[in-house]
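Everything numeric here is computed off the predicted structure, so don't read it as measured data. Only this structure's heavy atoms are used, side chains among them; waters, hydrogens and symmetry mates stay out. In what follows, every chain begins at residue 1, and chains take the letters A, B, ... in the order their sequences are listed.
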Amino acid sequence: MVANMMSMENPLFKTYLFYLCVLGLKMLTMSILTARKRFLTKTFINPEDAISMKVKVKTDDNVERVRRAHLNDIENIPVFFVVSFAYLMTNPAVGFATMLFRAFTAARFVHTFVYAVVVIPQPARALSWGVGYAITWYMGITSILNLL
Amino acid sequence: MVANMMSMENPLFKTYLFYLCVLGLKMLTMSILTARKRFLTKTFINPEDAISMKVKVKTDDNVERVRRAHLNDIENIPVFFVVSFAYLMTNPAVGFATMLFRAFTAARFVHTFVYAVVVIPQPARALSWGVGYAITWYMGITSILNLL
Amino acid sequence: MVANMMSMENPLFKTYLFYLCVLGLKMLTMSILTARKRFLTKTFINPEDAISMKVKVKTDDNVERVRRAHLNDIENIPVFFVVSFAYLMTNPAVGFATMLFRAFTAARFVHTFVYAVVVIPQPARALSWGVGYAITWYMGITSILNLL
């Protein structure tokens, strides 16, 4: 079974590809959120953008908050992409692995929501980050033990 | 055909690997561009670097501009790496997929050029970013629909 | 041999997966290092975090140093993930490729250590960064030449 792990006949590989795309497009959406906040608050970091909007270059915490949420995605999601790929190769139970993919993805959407869309007091942000973080560690450690 | 998608006998897989490397090395080149701007403007962010150059720690917008171009690569290119991998598995027409890879890569080079090498007024930067962005969304949506 | 490159019967593919996980978990550890520095220096960037610790939002160079080390990982390690994947497909000698994976990984650990754990004067940081950088370029150029 491992030999054709990376085949469209393997439902877990299809699940993996599906969540790659969902999480990738979720990350791209952060650029739209940032641009929206920039235009709403007329906050631009490049002189050529500020001039065209007839404002001065400045920063705004509402913009920076979305950028921090984006950076948090950049810190966590690409690592998940590669670690979950290694995890797939350990031939995990399909149902359990699918649940981990769903939980990671849901946690990342919740993280962005409570961080940058509607600011919800802690520990909402810490918990949603922690779920994704713990799942990635679990997959990484499981894969390393399996590869030794 | 899908079964041996990831084989060196598949010309589209070779195209994919080729653009992975070109885009990866392009991203690494941003570090050289940043270092060059740092030395030209004597702008260092680490005290130990500033001291060795006999200057104080400071920031400079020419350096920050290159760093923003680099960050934009980091926001967009790794997502493309994974989404285009999923797209490959949908068994697209080779000629069309190759064109998308070329267009994405060209757009990212143009983006860096107009953002950080020779600053060209908008909409040059927005358009070049938008081409890569739209291609990634197209590949992602196509892949998701194909995987459902 | 290339046809089943991505199989658990291929020792080099297992080596690749192993270092994916080690480097991925190393990157995740940067978040812990940052959080530790934040609590030690009571430095928070989000108002909701600062309020719960009864301090004002501020920045601190010890925190920023860890964040710069993390950003340097983000700039270099994901590129290595994809370029080394392409390099694997060129069917390199197993011993040599394994040595490159080990050297890259060791260099990244040293980089973080001398940058953000115990600050060691230059050229420690430049050299450790340079080893990883040179290995990625070597793998990228070798892959491109092999794919042409």
Asker: Which pairs with one or both residues in residues 83-101 of chain A pass salt bridge (charged side-chain N to carboxylate O under 4.0 Å, His left out), sequence neighbours excluded?
Answerer: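 Checked against salt bridge (charged side-chain N to carboxylate O under 4.0 Å, His left out) - neighbours excluded - no pair reaches residues 83-101 of chain A.
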
Asker: State whether the number of non-hydrogen atoms from other residues, nucleotides or ligands found under 6.0 Å of B/Lys58 atom NZ is greater than 12.
Answerer: yes

Asker: Within residues 61-84 of chain A, which positions have a heavy-atom distance to chain B below 4.5 Å?
Answerer: A/Arg67, A/His70, A/Ile74, A/Phe81

Asker: Residues of residues 103-129 of chain A under 4.5 Å from chain B (heavy atom pairs)?
Answerer: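 Result: none.
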
Asker: Which atom pair, heavy atoms only, marks the closest approach of B/Met89 to A/Met6?
Answerer: CE-O, 4.0 Å

Asker: Identify which part of B/Leu148 has an atom lying under 4.5 Å from any heavy atom of chain A, answering side chain, backbone, both or neither.
Answerer: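 Interface part for B/Leu148: side chain.
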
Asker: Nearest 0.5 Å, what's the OG1-CE distance between B/Thr136 and A/Met27?
Answerer: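 If we round to the nearest 0.5 Å, B/Thr136:OG1 and A/Met27:CE are 11.5 Å apart.
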
Asker: Which pair of non-hydrogen atoms, one from B/Tyr133 and one from A/Leu28, has the smallest distance, and what is that distance?
Answerer: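 Taking B/Tyr133 first and A/Leu28 second, the nearest heavy atoms are OH-O, 2.6 Å.
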
Asker: Pull out the residues in residues 32-45 of chain B that come under 4.5 Å of chain A, heavy atom to heavy atom, sorted by number.
Answerer: none

Asker: Identify which part of A/Val22 has an atom lying under 4.5 Å from any heavy atom of chain B, answering side chain, backbone, both or neither.
Answerer: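 Both backbone and side chain.
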
Asker: Check whether any side-chain heavy atom of A/Leu25 sits under 4.5 Å from a side-chain heavy atom of B/Ile141, and report yes or no.
Answerer: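 Side chain of A/Leu25 against side chain of B/Ile141, heavy atoms only: contact under 4.5 Å found.
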
Asker: Please classify the contact between A/Phe13 and chain B as side chain, backbone, both or neither, with a heavy-atom cut-off of under 4.5 Å.
Answerer: side chain

Asker: Search all heavy atoms of B/Ala86 against all heavy atoms of A/Cys21 and return the closest pair with its distance.
Answerer: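 Smallest heavy-atom distance, with atoms named: CB-SG, 3.4 Å.
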
